[in-house]
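Heads up: the structure comes next, in structure tokens.
Just so you know, ligand 1 is whichever comes first in the structure, and atom 1 is the first atom listed for that ligand. What's counted below: heavy atoms across the whole structure, side chains too, no hydrogens, waters or symmetry copies.
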Amino acid sequence: MTIRSLIVGCGGYLPERSLSNDELAAAYGLETSDEWIVERTGIRRRHLAAADETASTMGAAAARRALERAGVDASEVGLIVVATATPDSAFPSTAVRIQALLGNTSGFGFDVSAACAGFVYALNVADTFIRSGQVKTALVIGSEVFSRIMDWSDRGTCVLFGDGAGAVVLKAGEGQGTADDRGILSSHLHSDGRHGEILLVDGGAGSNGKPGQLRMTGKEVFRHAVSKLAAVVDEALAANGLSHADVRWLVPHQANRRIIDAMGKKLKLPPERVVVTVDRHANTSAASIPLALAEAVNDGRVQPGDLVAMEAIGGGLTWGATLARF
Ligand code: COA
């Protein structure tokens with residue numbers, strides 16, 4: 001008998017304000033066009049947080065929806081792991097703030113910093129706590145307010161990101177230790193700090209004392225993305241004795257439609273088996289996978305027994321993949 005982390009509920013939260021590419025360009029005086037953005041990225045719209053919304057308020061909203069779907073009371077949660085690059089403050093952590101908003105006092109929480117790969121990292125951390133027997137029920141949340149770290153005069157980055165939050169509830173279950181088990185089968189994480197300069201926030205919550213903004217060398221990031229993501233998904237499949245044909249759904253990090261399509265092709269998945277939200281959400285960093293997963297699970301696309309592959313790459317560079325059977 002093996003302990004497995006079952007994904008028993010998913011929830012998402014998006015700020016009310018949604019802007020089309022044209023509306024964004026007009027609002028921020030950007031020299032860009034809907035055509036350029038759609039052609040290069042597939043992005044048509046993004047949500048932007050209201051002034052009083054933060055990573056913790058949005059994360060708590062997503063968490064409440066995930067808990068409701070799971071039929072789990074907030075008091076039962078033993079661990080809250082939040083992936084975010086835009087915490088409300090350096091401390092208390094976003095996880096602890098969310099714990100208070102949910103009214104939980106028995107568990108513990110902390111944040112994970114791995115940029116756009118943060119959700120896969122956080123899922124691996126929570127899964128490890130569950131497998132070790134230390135925790136029975138966990139909340140894993142990705143919540144981001146990238147609109148606060150944008151350089152709104154840089155059209156090369158500010159059109160690419162959006163705000164939002166997503167959450168999943170994990171519960172300890174039993175399996176046989178085979179790839180047929182329900183729950184998280186395995187996660188595979190990587191980082192390579194030598195590439196830190198191609199995607200970073202140049203200040204902010206860190207110790208270098210100036211407000212930070214996101215900087216990116218888009219072409220370089222693109223160059224790394226598909227090869228690293230394809231390799232890590234293959235690594236995850238091989239670790240479980242599975243092949244591309246076993247994957248029912250790809251729930252990729254939603255950075256760019258061209259990267260998503262290339263990954264679907266590598267896995268030989270028909271386009272309808274690849275969950276896409278980037279057109280409506282843009283890149284919500286660590287929130288993008290749980291937001292996409294919440295859509296596909298809650299609208300009934302993902303069915304019991306389906307194998308879901310999740311993959312992400314982000315600043316660091318950090319990247320990883322998780323396989324989970326529903
Ligand atoms: N609207 C119009 N033109 C724009 C623009 C915009 N929003 N942003 C950049 N441009 C211009 C540039 O100024 C440049 O003009 P120039 O040739 O006159 O100098 C031209 O478009 C090409 O810029 P470049 O950055 O080389 O474009 P690109 O083809 O690499 O596309 C990205 C840019 C960002 C769409 C692309 O590199 C990408 O998707 N990278 C991956 C980014 C990513 O996914 N990051 C997140 C990972 S978590």
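- From the protein, the heavy atom lying nearest to atom 45 (N) of ligand 1 is Met216 SD, 3.2 Å.
- Residue Ile80 is found in a hydrophobic cluster whose other members, listed by chain and number, are Leu6, Val8, Leu67, Val72, Val77, Val82, Ile98, Leu102, Leu139, Ile141, Val169; membership requires side-chain heavy atoms under 4.5 Å apart, directly or through intermediates.
- For ligand 1 and Ile259, the ligand atoms under 4.0 Å from any heavy atom of the residue are 44 (O).
- Polar contact with ligand 1: present for Asn256 (N/O pair, distance under 3.5 Å).
- Close contacts of ligand 1 with Gly218, meaning ligand atoms under 4.0 Å from a residue heavy atom, involve 37 (O), 40 (N), 41 (C).
- The shortest non-hydrogen separation linking Gln254 to Val275 is NE2-O, 2.9 Å.
- Residue-level proximity to ligand 1 for Thr41 is carried by the side chain, the only part with a heavy atom below 4.0 angstrom.
- Between the side chains of Arg97 and Ser89, at least one donor N or O lies within less than 3.5 Å of an accepting N or O.
- Interface of Ile313 with ligand 1, defined as ligand atoms under 4.0 Å from a residue heavy atom, comprises 48 (S).
- Within a 4.0 Å radius of atom 14 (C) of ligand 1, the protein contributes no heavy atom.
- His244 meets the ring-ring contact (aromatic ring centres under 6.0 Å, His included) test with no other residue; sequence neighbours excluded.
- When non-hydrogen atoms are compared, ligand 1 lies under 4.0 Å from the side chain of Val159 (C-beta onward) but not from its backbone.
- Ranking the protein heavy atoms by distance from atom 47 (C) of ligand 1 puts Val221 CG1, 3.7 Å first.
- Annotation: atom 36 (C) of ligand 1 to nearest protein heavy atom, Arg258 NH2, 4.1 Å.
- For ligand 1, the polar-atom distance check finds no N/O of His253 at less than 3.5 Å from any of the ligand's N/O atoms.
- At most 12 heavy atoms of other shown residues, nucleotides or ligands fall within 6.0 angstrom of atom CD in Glu68.
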Trace of the side-chain hydrogen bond (donor to acceptor under 3.5 Å, both in side chains) decision for Asp151 with Thr157:
CA-CA 8 Å; Asp151 174 351; Thr157 54; over 6 Å; no
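- Ser75 and Asp73 share a side-chain donor-acceptor pair at under 3.5 Å.
- The pair Glu311-Lys266 does not count as a salt bridge, with every side-chain nitrogen at least 4.0 angstrom from each carboxylate oxygen.
- Checking atom 17 (O) of ligand 1 against the protein gives no heavy-atom contact under 4.0 Å.
- Distance screen at 4.0 Å: atom 7 (N) of ligand 1 has a protein heavy-atom neighbour inside the cut-off.
- The shortest N or O to N or O distance between Arg40 and ligand 1 is under 3.5 Å.
- Using a 30° and 60° split on the angle between ring planes, Phe129 and Phe110 fall in the tilted class, from 30° to 60°.
- Each of the following atoms of ligand 1 lies closer than 4.0 Å to a heavy atom of Cys116: 48 (S).
- For Thr157, no heavy-atom contact with ligand 1 is shorter than 4.0 Å.
- Ligand 1 places these atoms under 4.0 Å from at least one heavy atom of Asn283: 46 (C), 48 (S).
- In this structure, atom 4 (C) of ligand 1 has a protein heavy-atom contact shorter than 4.0 Å.
- Annotation: atom 44 (O) of ligand 1 to nearest protein heavy atom, Ala255 CB, 3.4 Å.
- Contact annotation for atom 40 (N) of ligand 1: protein present (non-hydrogen atoms, distance under 4.0 Å).
- Among His224, Glu220, Lys219, the residue whose heavy atom lies closest to atom 30 (O) of ligand 1 is Lys219.
- Remark: the Asn240 side chain and the Ser186 side chain contain an N/O donor-acceptor pair separated by less than 3.5 Å.
- A salt bridge links Glu23 with Arg45: the closest approach of a Lys/Arg side-chain nitrogen to an acidic carboxylate oxygen falls below 4.0 angstrom.
- Counted by atom type alone, Thr86 and Glu144 present one or more donor-acceptor pairs between their side chains at under 3.5 Å.
- The closest protein non-hydrogen atom to atom 33 (C) of ligand 1 is Trp36 CH2, 3.9 Å.
- In terms of protein heavy atoms, atom 34 (C) of ligand 1 is closest to Leu160 CD1, 3.8 Å.
- When only non-hydrogen protein atoms are considered, atom 11 (C) of ligand 1 lies nearest to Arg155 NH2, 3.6 Å.
- Nearest-heavy-atom check against atom 1 (N) of ligand 1 across Thr32, Asn21, Leu199 picks out Thr32.
- In Arg131, the CZ atom is crowded: over 12 heavy atoms of neighbouring residues, nucleotides or ligands sit closer than 6.0 Å.
- Within 6.0 Å of CD on Glu220 lie more than 12 heavy atoms contributed by other residues, nucleotides or ligands.
- Looking only at atom types and distance, the side chain of Asp163 has a donor-acceptor partner in the side chain of Ser147 under 3.5 Å away.
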